[in-house]
Amino acid sequence: SQTIHQWPATLVQPVGSPLSLECTVEGTSNPNLYWYRQAAGRGLQLLFYSVGIGQISSEVPQNLSASRPQDRQFILSSKKLLLSDSGFYLCAWSVTLRGPINEQFFGPGTRLTVL
Amino acid sequence: QKEVEQDPGPLSVPEGAIVSLNCTYSNSAFQYFMWYRQYSRKGPELLMYTYSSGNKEDGRFTAQVDKSSKYISLFIRDSQPSDSATYLCATMDSNYQLIWGAGTKLIIKP
């Protein structure tokens, strides 16, 4: 069976500090990978998605970046955090053409607070 | 105008009540509509999906799409405290990317 891991679960960082959130998937090959941010009452905002190693699409211009160094590893980074980067960060995976819909499977999320 | 609109709530109802959760969407080309459930401090998980118009039932849950009014609904019968969660509607664009509603926080009071 497939499993998705995210860490850390919670993080408190000062403004201007760097960020690195990691996501790994087990039990599937060549997944599509996604990073979302969820703010209270505002739904899921797609930040980045990747269809393969080294292939990253950015949906929202900001001070965040993503990398996919291995097939089942997705990393979200920032060089300098802003207050507005606070939120709940979710990693997700899907498999193309598995079915009629793009069913995405989510990790447990990271609660980031920037002070 | 957002492509998918959803009232964030919270919606509070007594145990055993019928719950109606709703979304509207703007693009008549959307064909698939999904409902995800998200418990507190967890990631969302797919509850059910429907294609085009009509109803789909799964146990106590019924998803309904009205394409003429661009309205999608999720009904929960005999609601339980364990149904307390945030419910997110979503649709899919031509690139298979999901477009999300804001999510409605549902509270079922024992």
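Values below: all heavy atoms of this structure, side chains included; hydrogens, waters and symmetry mates excluded. Remember, predicted model here, so these are calculated numbers, not experimental data. Order of the sequence lines sets the chain letters (A, B, ...), proteins ahead of strands, with each chain counted from 1.
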Cluster question for you: counting only ILVMFWY and a side-chain heavy-atom cut-off of under 4.5 Å, with indirect links fine, are B:Y96 and B:W100 together? yes
Using a 4.5 Å heavy-atom cutoff, which residues in residues 75-92 of chain A come close to chain B? A:F88, A:L90
Which atom pairs, donor and acceptor, lie under 3.5 Å between side-chain atoms of residues 101-110 of chain B and protein residues at least two apart or in another chain?
residue, atom, partner, partner atom, Å
B:T104, OG1, B:Q6, NE2, 3.3
B:T104, OG1, B:D7, O, 2.4

Among residues 6-19 of chain A, those lying within the under-4.5 Å heavy-atom range of chain B are none
Any side-chain heavy atom of B:R77 within less than 4.5 Å of one from B:T62? yes
By a 4.5 Å heavy-atom criterion (distance strictly below it), what part of A:L46 contacts chain B: side chain, backbone, both, or neither? side chain
If you define the side chain from C-beta out and look only at heavy atoms, does anything of B:K70 sit under 4.5 Å from B:T24? no
I'd like to know whether the aromatic ring centres of A:F48 and A:Y36 sit less than 6.0 Å apart in this structure. no
B:S79 side-chain N/O to B:A17 backbone N/O, donor-acceptor pair under 3.5 Å: yes
When you measure from the side chain of B:N95 to the backbone of B:Q97, do you find a donor-acceptor pair of N or O atoms at a distance under 3.5 Å? no
Do B:Q80 and B:D78 meet the criterion of a side-chain donor-acceptor pair at a distance under 3.5 Å? yes
Would you call A:W35 and A:Y49 a side-chain contact if the rule is heavy atoms closer than 4.5 Å? no
Of the non-hydrogen atoms in A:N102 and B:L98, which two are nearest, and what is the gap between them? O-CD1, 3.7 Å
Toward chain A: residues of residues 38-58 of chain B with heavy atoms under 4.5 Å: B:Q38, B:R41, B:K42, B:G43, B:P44, B:L46, B:Y49
Are the side chains of A:R68 and A:Q73 in contact, using a 4.5 Å heavy-atom criterion? no
Whether the side chain of B:S84 engages the backbone of B:P81 through a donor-acceptor N/O pair (distance < 3.5 Å, no angle test) should be reported. yes
Step-by-step side chain to side chain donor-acceptor pair (under 3.5 Å) determination, A:S94 to A:Y34: CA-CA 9 Å; A:S94 70; A:Y34 307 83; 3.0 Å; yes
